[in-house]
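In this chain, residues are counted from 1 in sequence order. On a predicted model such as this, the values are computed, not experimentally measured, just so you know.
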Amino acid sequence: QVQLVESGGGLVQAGGSLRLSCEVSGVISSTYTIGWFRQAPGKERDFVAAITWSGNTKNYADSVKGRFIISRDNAKNTVALQMNSATVEDTAVYYCAGGNPVDRRSSKYNYWGRGTQVTVSS
């Protein structure tokens with residue numbers, strides 16, 4: 001039912017910015033959650049940020065709070081992750097996921113995109 005497609009990954013210099021997008025289709029409930037997760041080689045898949053479809057509730061991992069912004073764009077069918085003040089530690093494959101209810105656990109998300117690589121150089 002829910003389809004997710006990430007885009008916007010690439011190479012960015014430390015201190016720079018990058019904007020990721022997740023195209024979403026098939027969402028019915030306003031409480032449905034779109035989350036961003038990331039996974040670096042040899043590491044666990046970690047929560048980054050999440051937003052309810054209505055946009056009224058947002059959550060951020062401590063490591064990105066104050067630097068990243070999750071939002072719905074003007075088209076209302078995509079969720080963006082604005083990455084500011086990027087650091088080398090942000091390097092990972094970023095995944096967009098859908099689930100219900102809002103949660104930070106990856107196991108609670110039923111649908112996943114294929115991921116997009118983000119590389120931050122020093």
Exercise. Hey, mind stepping through L4 and I34 against side-chain contact (heavy atoms from CB on, under 4.5 Å) and telling me if it holds?
Worked result: CA-CA 9 Å; L4 308 169; I34 303 298; 4.2 Å; yes

Seminar exercise, completed: Contacts satisfying disulfide bond (SG atoms under 2.5 Å apart) that involve residues 80-122 (not counting sequence neighbours) are C22-C96

Seminar exercise, completed: Across all chains, not counting sequence neighbours, the salt bridge (charged side-chain N to carboxylate O under 4.0 Å, His left out) partners of D46 are none

Exercise. What orientation do Y94 and F68 show, parallel under 30°, tilted 30 to 60°, or perpendicular over 60°?
Worked result: tilted

Exercise. Run the side-chain contact (heavy atoms from CB on, under 4.5 Å) check on V24 and Y32 step by step: do they pass?
Worked result: CA-CA 11 Å; V24 183; Y32 196 83; 5.9 Å; no

For this session: Spell out, yes or no, whether V93 and V79 are grouped together once hydrophobic residues are joined by side-chain heavy atoms under 4.5 Å, including indirect joins.
Result: no

Exercise. Can you check side-chain contact (heavy atoms from CB on, under 4.5 Å) on V120 and T87, steps first, answer last?
Worked result: CA-CA 6 Å; V120 183; T87 69; 5.5 Å; no

Considering only heavy atoms from C-beta outward, does the side chain of [X] approach that of [Y] to under 4.5 Å?
X    : Y   : result
R38  : V64 : yes
Q117 : T91 : yes
M83  : W36 : no

State the [atom1]-[atom2] distance between [X] and [Y], to the nearest 0.5 angstrom.
X   : Y    : atom1 : atom2 : answer
I70 : T57  : CD1   : OG1   : 11.5 Å
N84 : R67  : CG    : CZ    : 9.0 Å
L81 : E6   : CG    : CD    : 11.0 Å
T33 : D103 : OG1   : CG    : 8.0 Å

Problem set entry | Side chain Q82, main chain R19, donor-acceptor under 3.5 Å | no

Problem set entry | Under 3.5 Å donor-acceptor, R105 side chain and F47 backbone | no

Problem set entry | Nearest heavy-atom neighbours spanning D90 and A86 | OD2-CA, 3.5 Å

For this session: State, to 0.1 Å, how close A40 and A92 come at their nearest heavy-atom pair, and which atoms those are.
Result: N-CB, 3.9 Å

Exercise. Between F37 and Y109, does a ring pair (Phe, Tyr, Trp, His ring centres under 6.0 Å) hold up when you go through it step by step?
Worked result: CA-CA 11 Å; F37 291 78; Y109 292 79; 5.1 Å; yes

